[in-house]
Amino acid sequence: MSVWALLVAAGAGERLGEERPKAFVKLGELPLLAEPLRRLEESEWIDAIVVAVPEDWEEPVILLAEELSASKVVAAVRGGGTRAESVRAALAEVPEEALVVLVHDAARPLLTEEVLERVLAPLSEGWDGVVPGLPIADTIKEVDGDRIVATVSRDKLVAVQTPQAFLAPKLREAYAGDLEGATDCSSLVQACGGRVKVVQGDRRLLKATTREDLELIESWIAT
Ligand code: CTP
Ligand code: MG
């Protein structure tokens, strides 16, 4: 089976508030993006990689891939205005014969071989998509402004992460339609009738949103 990984790194990183886009902020010596890129390159599950980057960052990514000897990197494409549009741009580089497409946020650097296996294995058991998820520890409230309207039962809720894996034709079908309001790939696949499974996520797949997140991720790398 041929598995293509789309690494989406085209966000601005507004909440992090650095001068450069989030994927290019330094994590140790190298840009943040280097960590998930190296992990995808070294994974025995991944055959090819497409990276979506902000305008004018295509060349730095190709140079970074060379520096990391990341020979699975096939293309660096310009992303879009939203995450979903960036996924669509990267997906356009995936050849017709690809069987599986895995989509991962560059902002979640600590990808592991175990989580890749967990999301890829069920695709041979009749699922159209598989996502990592974590139970929610906090009590969840529905609000109207600052007034609490209801307490939502946690039992049926999970917080979903990436990498998310899909049968390639299903993901293409999902991305051929309207992308409005989609914050992850699985919601679009579900919206076109796909069956999506949730498997155990990983706390260390934390998305680097703020400076504190980045420092926490750095400390995890060090241990
Ligand atoms: N992403 C993308 N294209 C966009 C927006 C987001 O490829 N137009 C990617 C980001 O690079 C990131 C992932 O989607 O790897 C998750 O997005 P998020 O954490 O929100 O990153 P940013 O959009 O960069 O951050 P912010 O929302 O704070 O600007
Ligand atoms: Mg964003």
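All values below were derived from every heavy atom in this structure, side-chain atoms included, with hydrogens, water molecules and symmetry-related copies excluded. Along the sequence shown, residues are numbered consecutively beginning with 1. Ligands are counted one by one from 1 in listed order, and the atoms in each one are counted from 1 as well.
Under 4.0 Å is where a charged nitrogen must lie from a carboxylate oxygen, and between E18 and K22 no such pair does. R38 and E35 are joined by a salt bridge, as a carboxylate oxygen and a charged side-chain nitrogen come within less than 4.0 angstrom of each other. K170 and E173 are joined by a salt bridge, as a carboxylate oxygen and a charged side-chain nitrogen come within less than 4.0 angstrom of each other. Looking at K72 and E41, no side-chain N of the basic residue comes within less than 4.0 Å of a carboxylate O on the acidic one, giving no salt bridge.
Note on residues 128-139: no pairs pass side chain to side chain donor-acceptor pair (under 3.5 Å), not counting sequence neighbours.
Within the 4.5 Å cutoff, side-chain heavy atoms of L171 are placed close to those of V103.
Ordered by chain and residue number, the residues placing a heavy atom less than 4.0 Å from ligand 1 are V8, A9, A10, G11, A12, G13, E14, R15, K22, G80, G81, T82, R83, S86, D105, A106, A107, K207.
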